[in-house]
Asks: 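Just dropping this structure here.
Fair warning: this is a prediction, and the values are worked out from it, not measured in the lab. Counting from 1, the numbers follow the sequence of the chain as shown.
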Amino acid sequence: MCSELKDDLSQLFLFMLQAGVSVSLAETGQTSRDIDLSPGQPLQPNQPTGNLGVIGRRNGMDLGAIGDSFTGSSSSINPSGVRDQLYNLQMLEAAHYKLPLPRDSERPRAYTPRHPTITPSSYPQTQAPIVNNPAFWERVGLEPFGTDTLFYAFYYQQNTYQQYLAAKELKKQSWRYHKKYNTWFQRHEEPKVATDEYEQGTYVYFDFHIANDDLQHGWCQRIKTEFTFEYNYLEDELLV
């Protein structure tokens, strides 16, 4: 931990002790919860999701990012604001250990099939250049089955520029990625509970598992009720 962060943390702890506030590291961290992601009911064609805002925002009209409410300063007499400031400092320290590496600036590598198959010479042997054009993926997202195509590109073209572009378009459709379950979620209704740490309600998620013997299992959108989406599992890096 750098000396500046140590000094800030020491001052915050001293202030909180003077204010009579009980402090523990467990209190400022994320609380773990058991989340059940057993298969929900498949989403029916007549059950479209409305414009309910994006997971991670308190409501559809609140356009601030997660953490925008953390405005408390060390000089504030509000104990809650002090805890928020302490949490921000801890996040800043954690970010220090995830600085970009030199390889992060390398050009993306071309997609290499895991199980290559010899195909007739009349078949395309290389990817068409258009798949590297962001405008192509924007158009895909507007097609009737475009969302399924985006999911396919995301799960089957891993570590490629196409996967990045597909994820970018999914986020434009208000889908958000859950890092614990490797699954995309979207609000089906307004959250019943929304805090700075999580929201709970009914969601649509994409079941990316492939069906084996049951045509109703996998590779479809499903509804999950009473689901708690913890924001510490929210991947929200594609902002442009």
Side-chain angles (χ1 to χ4, degrees), residues 30 33-60 62-63 65-67 108 111 131 134 136-194 197-212 214-240:
Q30 296 289 348
R33 297 178 178 86
D34 293 331
I35 303 177
D36 178 22
L37 195 62
S38 57
Q41 294 297 323
L43 180 69
Q44 301 300 322
N46 60 348
Q47 293 179 287
T49 56
N51 184 16
L52 302 175
V54 176
I55 295 174
R57 296 173 182 167
R58 290 174 181 79
N59 54 62
D62 183 4
L63 299 180
I66 301 173
Y111 171 69
V131 299
F136 168 78
W137 294 95
E138 292 178 2
R139 190 174 65 204
V140 168
L142 299 176
E143 297 293 331
F145 297 98
T147 302
D148 287 336
T149 303
L150 294 176
F151 282 130
Y152 179 85
F154 179 83
Y155 286 110
Y156 282 90
Q157 297 193 32
Q158 298 180 15
N159 303 317
T160 66
Y161 186 46
Q162 292 77 37
Q163 184 187 41
Y164 169 84
L165 294 176
K168 185 177 179 180
E169 293 304 314
L170 286 171
K171 290 198 171 187
K172 287 183 180 180
Q173 299 180 12
S174 298
W175 290 94
R176 286 298 180 267
Y177 190 68
H178 196 293
K179 294 186 290 186
K180 179 178 180 180
Y181 296 116
N182 301 325
T183 304
W184 289 89
F185 282 80
Q186 187 183 68
R187 286 178 179 171
H188 186 64
E189 62 182 19
E190 289 290 350
K192 297 178 180 178
V193 179
E197 298 180 352
Y198 67 92
E199 60 183 62
Q200 186 180 64
T202 301
Y203 296 84
V204 177
Y205 72 94
F206 187 79
D207 185 356
F208 62 92
H209 297 94
I210 299 299
N212 294 322
D214 184 359
L215 296 180
Q216 296 298 321
H217 176 73
W219 204 253
C220 65
Q221 296 182 27
R222 296 182 182 275
I223 294 179
K224 187 66 177 177
T225 60
E226 301 298 328
F227 181 78
T228 301
F229 197 118
E230 297 184 69
Y231 294 153
N232 60 331
Y233 292 123
L234 174 65
E235 186 280 314
D236 201 19
E237 298 177 358
L238 300 176
L239 301 179
V240 295

Asks: Side chains of Phe185 and Arg176: does their closest heavy-atom pair fall under 4.5 Å?
Replies: no

Asks: Could you check whether any side-chain N or O of Gln163 sits under 3.5 Å from a backbone N or O of Asn159, counting only pairs where one atom can act as donor and the other as acceptor?
Replies: yes

Asks: Rounded to the nearest 0.5 Å, how far apart are CD of Glu197 and OG1 of Thr228?
Replies: 12.0 Å

Asks: May I ask you to test the Gln162-Trp137 pair for a side-chain heavy-atom distance under 4.5 Å?
Replies: yes

Asks: What pairs with Phe136 under ring-ring contact (aromatic ring centres under 6.0 Å, His included), at least two apart in sequence or on another chain?
Replies: none

Asks: Provide the closest heavy-atom pair for Ser174 versus Val54 in the form atom of the first, atom of the second, distance.
Replies: OG-CG2, 4.1 Å

Asks: With side chains defined as the heavy atoms from C-beta onward, is the minimum distance between Tyr161 and Val131 less than 4.5 Å?
Replies: no

Asks: Could you pull out all residues at least two apart from Tyr177 that satisfy ring-ring contact (aromatic ring centres under 6.0 Å, His included)?
Replies: Phe154, Trp184

Asks: Walk me through it: do Phe151 and Trp175 pass the test side-chain contact (heavy atoms from CB on, under 4.5 Å)?
Replies: CA-CA 11 Å; Phe151 282 130; Trp175 290 94; 4.0 Å; yes

Asks: Between the side chains of Glu230 and Lys180, is the shortest nitrogen-to-carboxylate-oxygen separation below 4.0 Å, so that they form an ion pair?
Replies: no

Asks: Please work out which of the three classes, parallel, tilted or perpendicular, describes the rings of Tyr155 and Trp219, given edges at 30° and 60°.
Replies: perpendicular

Asks: Do you know which two heavy atoms are closest between Pro191 and Glu199, and how far apart they sit?
Replies: CG-OE2, 3.7 Å

Asks: Restricting to non-hydrogen atoms, name the atom on Leu150 and the atom on Gly141 that form the minimum distance, rounded to 0.1 Å.
Replies: CD1-CA, 4.0 Å

Asks: If you measure from SG on Cys220 to OH on Tyr205, what distance do you get to the nearest 0.5 Å?
Replies: 7.5 Å

Asks: Within the 4.5 Å heavy-atom criterion, are Arg187 and Ile55 side-chain neighbours or not?
Replies: yes

Asks: Kindly indicate, with the supporting measurements, whether the criterion side-chain contact (heavy atoms from CB on, under 4.5 Å) is fulfilled by Gln200 and Lys192.
Replies: CA-CA 6 Å; Gln200 186 180 64; Lys192 297 178 180 178; 5.7 Å; no

Asks: With rounding to the nearest 0.5 angstrom, report the CG to NZ distance, Asp207 to Lys224.
Replies: 11.0 Å

Asks: For the residue pair His178 and Tyr233, does the interplanar ring angle fall in the parallel (under 30°), tilted (30 to 60°) or perpendicular (over 60°) class?
Replies: parallel

Asks: Pair Gln173, Thr147 - check side-chain hydrogen bond (donor to acceptor under 3.5 Å, both in side chains), show working.
Replies: CA-CA 9 Å; Gln173 299 180 12; Thr147 302; 2.9 Å; yes

Asks: Drop me the distance from Asn182's CG to Glu235's CD, to the nearest 0.5 angstrom.
Replies: 11.0 Å

Asks: Take the angle between the ring planes of Phe227 and Phe229 and call it parallel below 30°, perpendicular above 60°, tilted in between.
Replies: perpendicular

Asks: Might you work through the side-chain contact (heavy atoms from CB on, under 4.5 Å) test for Tyr203 and His188, ending with a clear yes or no?
Replies: CA-CA 5 Å; Tyr203 296 84; His188 186 64; 5.5 Å; no

